Structure formats: C-alpha cells, structure tokens
Student: 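Okay, here's the structure, questions in a sec.
Note that the structure is predicted; figures quoted are calculated from it, not measured. Atoms within each ligand, like the ligands themselves, are counted from 1 in listed order.
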Amino acid sequence: MTRKLNEMTITEAARALGARECSVRDLWDACMDEAKKRNPELNAYLELFEADEEAIAAAQKRIDAGDAPMLCGIPLAIKDNMLIEGHIASAASKILGNYRATYDATVIKKLKEAGALFLGRTNMDEFAMGSSTEHSAYGVSRNPIDPSRVPGGSSGGTSSAVAAHMALGGFGTDTGGSIRQPAAHTGLLGMKPTYGAVSRSGIIALGSSLDQVGPIAKSVGDAKILFDAVRGYDSMDATSIAPDFYAKAPEKKKLTIGVPRHLLKEGIDADVLAHFEETLSRLTGEGHTVVDIELPTSSYALPVYYVIMPAEASTNLARYDGMRYGLAKRGDTLLDDYVESKTAGFGPETIRRILLGTFVLSSGYIDAYYRKADAARNLLVKEYMDAFSTCDVVAFPTTPSPAFKFGEKSDPVSMYLEDVFTVTANLTGMPAISVPMGTVVRDTVSLPTGIHFTAPLGADDLLFRIAGEVTGETL
Ligand code: GLN
C-alpha cells in the first residue's frame, strides 16, 4: 500500500518529487486537505494560508530542471512568532492580533530561497511562554495522539500539525525547551541548535540570550535537512556565530554518553525512566559507552532559568505599549493608554512573567536574584564544559512524564517543572535534541516519550549522529 503524500517524510517526498511520482501541487493539496479536515479539532494552525501559486510553479520548475534543493516544494508549518512578509505574526497574543509582518525573518528568507512552501502559522503559548499551548490567546491546540491531552508547548501548534500529518515538517522556537518538549509529547524529533547558529532576525523575541529557532520533524534526516536550510551566519543578528565556530564531529564511530544519574532520582515516571535505561542499554549493546557524570549546579537550572528568562522577557515585552505595534487602547492620560493596552493585550502568564522579570531586575533585588542567577549560569557552562572532557554527549529523558491533560498543570510551578531537563541547554547555549524513545500507556492510550541529548557548543551535527543511533536511521 502506498502512503498518503502528506504522511511521507521530507526525505521521501523530495525523492517522490524528483522521480515525478507526484507534483508540488499534489503534495501541497494533500497537506492542505488534511489540515482543513483536522484543524477544526486540533487548532494546530491559527491560520491556513492561500496557496501561493507563483511559489508552487517556481518550485515545480526547479524540480523539473533537476537541480532543486531538498526542501523545494515541501509544505511546512511555521510558528506564529516568525515573520513572513504580508502575513499576520501574532505570537498568539491579542496585543499583536492585527500585526502584519513587513519583512521576512532571515529563516523565512532562507526557506523561500530553498523553495519551501508555508501552509500556515501555528498556535503557541502567548509569546512562547509555556509548556502546553494552553496560554495561547486563541484557544488550546490538541495532541493528535490523544486530543484530551496537550501537544506540549510552546511550539505545540507545530508539533500537533506535523504529528497529524498536516505538514511534512515545521519550525518552532526554543527558549527553555519549546521545541524539544512538544516534539517528545507528539512522537517527533525536535532540535534546539547552538545559540547563534540560526539567525534570530525577524523572530519575535522572548528571552534574547536563550531563544533559538529549530526544526520539528518526523525523522532524523528531516530534522537535519530543516536545520541545514536555516543555519548560518547572518549580519542582521549581532549574536550570530561564524561558520568556523562549529566543532568538528569526533571521527570515532562509537560515542561516550554521559548520564547525570544524580538528577534522575525523583520526580520522573518509572516507565519513562525504564525506557531511558533500555535505550541506553541498547546503545551500549551497539558499542557506545555510558558513563556517570556529575552536574551539581543542574539542580538549580530551573530556578536560574525562571529568573533570567522573565527578566529578559519583561525587557523585550516593554515595547508592546499600545504606541508602536498592535493593540492600542486610549484612556485619559498617557499612562492610561499604556495600562489599558497592556491589560487588554496580555494574558495572565505573560503578565506574571513581566511582574517577575521586573521584580528580579529592580534595583533592590537585582543582586539577590538576577546577578546570582547569572553567576550560576556561568557555573553551569563550566560544569558542562568539564563534563564534555569525559563524554561526547549528555543524556536524560526530555520530560519527566508523557503529555498531560488540559488543566492538569494549572499551578504555574507544576507547569514550570515540565522544563526541568530542557532549560539547561538554553542557559549554556549548547545544542540539544529530543528523539522518540518508545511509548508509555496512560488511560489505555500509548503516549510517546523522548530521550534528550546535549552536545558541546557548535557540535550540532553530532546530535543527528546520536539520534540516528537511537532511531536506527542511517543518514
Ligand atoms: N516552557 C518554558 C517557558 O515557559 C520554555 C518556553 C520556550 O522554550 N519558549 O518559559
């Protein structure tokens, strides 16, 4: 039986397009038809775009000429915080509900050059703050594997769209886990590149020292294709890294995997941990080595993140004041204008982070909170650097448990605990990936789990190698 076109991986679709087994139009229609069918239930897309006939014809022409890049003619899902010229980019916030992008993010420019097509903009937690997509101002997205559960967040719209085959692949942003955690909850691969590997120009900022754009994909090969298409130096982003920054992947075939077992003692579901141990044994069986490592400061990573991230978010969100972009309410005084615009435009989680961030940066508390967190961040980097002198990658489960039900983590701290394993890669800037590692049963439904690998700064390619070892894919 042949698979439906929208169910293919990008790698398979590119081959089918090249072999003239389908046209770009067929592929677009297959994804769009599925999206029209399933999106009313899943709310993965906030908006589905009209077909761009010119782009479809141009992609077909390049394929017919025989020199098309892998992404040529491939329909993708794009998170609603990435600017696509002429389209609304709302970051799932009311305050940007009517904001139309006047230029393309560098990532979008690169994808257009590669001939990729955009199906629509995907739902997310407002300004990417959250781990469930429940903080969107436009309703929750649902997990296609079990629609009574969240698809993860904040890139939950993209993970839901790709997992439901409403796109062949897609992009999210990751400030503390928002690519890797939704990928884990929907059975997909999600990769957060080295900080600076992908341009942040044209991406709606959350925590500027933490944010990175990265792929959510059905296979390791697809994740690599998507990452390779958008990586690279960009003079529009002052934190962009030069190509010679990238570490050379180790030549040796067998890798040493460091496991900080002291972090895995509590708070993780037993069956998730069992899958993790099984995956490690399998890798050991294939000749890789697993060693214990110590990352003592990692137990403070979550509180450190939840000081630094709101600090940066409160600074970035100060620009939404009812004057320059989006929603503009008018009161009796200028102060009323600000207060009314922000009150009407921001949701509760966004307001919480602004308050938190403003507090930790205030002159009375900056030493006690922000500067301490910043010092701990430097310590984390050092500990990871030291760990990488004894291992090639660091492994732990991506999340402590599988996808949860709506409302289950309504207490903000329990929601923040979802990120316990993912935030460190953002604090250190190191690249990390989540790879499916088997399912666990909850309420009779099999739910996916993910194994998480962190690599040294610039060793992004190593992540695809170890991911391939887990899935059995040869790249
Ligand atoms: N869940 C984390 C937070 O709420 C991470 C979000 C993200 O990576 N964008 O901040």
Side-chain angles (χ1 to χ4, degrees), residues 78-82 91-93 122-136 140-141 150-159 170-185 190-193 195 198 200 203-216 301-317 346-357 360 373 377 398-401 403-404 408-434 450 452 454:
I78 304 292
K79 190 173 179 176
D80 191 32
N81 60 353
M82 303 170 61
S93 179
T122 55
N123 200 9
M124 54 187 281
D125 288 293
E126 185 177 11
F127 285 107
M129 299 181 206
S131 309
S132 67
T133 318
E134 287 167 290
H135 297 313
S136 166
V140 302
S141 292
V150 305
S154 63
S155 310
T158 299
S159 70
F171 282 93
T173 56
D174 192 313
T175 304
S178 282
I179 290 173
R180 291 160 285 153
Q181 184 258 18
H185 284 344
M191 185 238 183
K192 183 210 80 85
Y195 181 73
V198 179
R200 290 183 295 112
I203 307 302
I204 298 177
L206 176 56
S208 301
S209 77
L210 307 157
D211 297 345
Q212 268 294 278
V213 171
I216 294 185
L302 200 68
V304 167
Y305 172 81
Y306 275 100
V307 170
I308 290 177
M309 183 275 175
E312 295 189 6
S314 71
T315 313
N316 275 323
L317 295 175
F346 288 141
E349 183 61 27
T350 305
I351 291 175
R352 183 178 299 122
R353 306 261 182 136
I354 293 173
L355 292 175
L356 254 172
V360 300
R377 182 181 191 174
T398 310
T399 58
S401 31
F404 47 93
E408 205 177 294
K409 295 189 195 279
S410 51
D411 161 29
V413 175
S414 73
M415 185 75 87
Y416 298 168
L417 280 167
E418 259 298 285
D419 312 322
V420 64
F421 294 127
T422 49
V423 294
T424 316
N426 303 77
L427 290 168
T428 60
M430 288 167 186
I433 199 164
S434 176
H452 183 282
T454 310

Student: Are any side-chain N or O atoms of Asp80 and backbone N or O atoms of Ala91, one a donor and one an acceptor, separated by less than 3.5 Å?
Tutor: yes
Student: Do Ser141 and Thr133 meet the criterion of a side-chain donor-acceptor pair at a distance under 3.5 Å?
Tutor: no
Student: Enumerate the atoms of ligand 1 whose separation from the nearest heavy atom of Ser154 is less than 4.0 angstrom.
Tutor: 9 (N)
Student: Between Gln212 (side chain) and Val198 (backbone), is there a donor-acceptor pair under 3.5 Å?
Tutor: yes
Student: For the backbone of Asp419 and the side chain of Gln181, can you confirm whether one donor and one acceptor N or O come within less than 3.5 Å of each other?
Tutor: no
Student: Could you tell me if any non-hydrogen atom of Arg353 lies under 4.0 Å from any atom of ligand 1?
Tutor: yes
Student: Under 3.5 Å, is there a donor-acceptor pair linking the side chains of Ser155 and Lys79?
Tutor: yes
Student: Do Glu349 and Asp125 have side chains that approach each other closer than 4.5 Å (heavy atoms only, starting at C-beta)?
Tutor: no
Student: Within the structure, is a non-hydrogen atom of Tyr416 found at a distance of less than 4.0 Å from ligand 1?
Tutor: no
Student: Main chain of Gly156, side chain of Asn123: is a donor-acceptor contact present, judged purely on distance under 3.5 Å?
Tutor: no
Student: Do Gly130 and ligand 1 have an N or O pair less than 3.5 Å apart?
Tutor: yes
Student: Answer with side chain, backbone, both or neither: which part of Lys79 has a heavy atom less than 4.0 angstrom from an atom of ligand 1?
Tutor: neither
Student: Does an N or O from Gly176, backbone or side chain, lie closer than 3.5 Å to an N or O of ligand 1?
Tutor: yes
Student: Quick check: does Tyr306 get an N/O under 3.5 Å from an N/O on ligand 1?
Tutor: yes
Student: Below 3.5 angstrom, do we get any N/O pair linking Gly177 and ligand 1?
Tutor: yes
Student: As an exercise, identify every atom of ligand 1 less than 4.0 angstrom from a heavy atom of Ala128.
Tutor: 6 (C), 7 (C), 9 (N)
Student: In terms of atom number and element, which parts of ligand 1 are under 4.0 angstrom from non-hydrogen atoms of Met309?
Tutor: 10 (O)
Student: Report the nearest protein non-hydrogen atom to atom 5 (C) of ligand 1: residue, atom name, distance rounded to 0.1 Å.
Tutor: Tyr305 OH, 3.3 Å
Student: Consider only side-chain N and O atoms of Ser93 and Glu126, and report whether a donor and an acceptor are under 3.5 Å apart.
Tutor: yes
Student: So does Ala311 get a backbone contact from the side chain of Thr315, meaning a donor-acceptor N/O pair under 3.5 Å?
Tutor: yes
Student: Among protein heavy atoms, which sits nearest to atom 7 (C) of ligand 1, and what does the distance come to when rounded to 0.1 Å?
Tutor: Ser178 OG, 2.4 Å
Student: For ligand 1, which atoms, with element, lie under 4.0 Å from some heavy atom of Asp174?
Tutor: 8 (O)
Student: If you count the atoms of ligand 1 from 1 in the order shown, which ones are under 4.0 Å from a heavy atom of Asp419?
Tutor: 1 (N), 2 (C), 3 (C)
Student: Can a donor-acceptor pair be found, under 3.5 Å and without considering hydrogens, that links the side chain of Arg180 to the backbone of Thr422?
Tutor: yes
Student: Polar contacts were defined as any N/O atom of the residue lying under 3.5 Å from an N/O atom of the ligand; does this apply to Gly153 and ligand 1?
Tutor: no
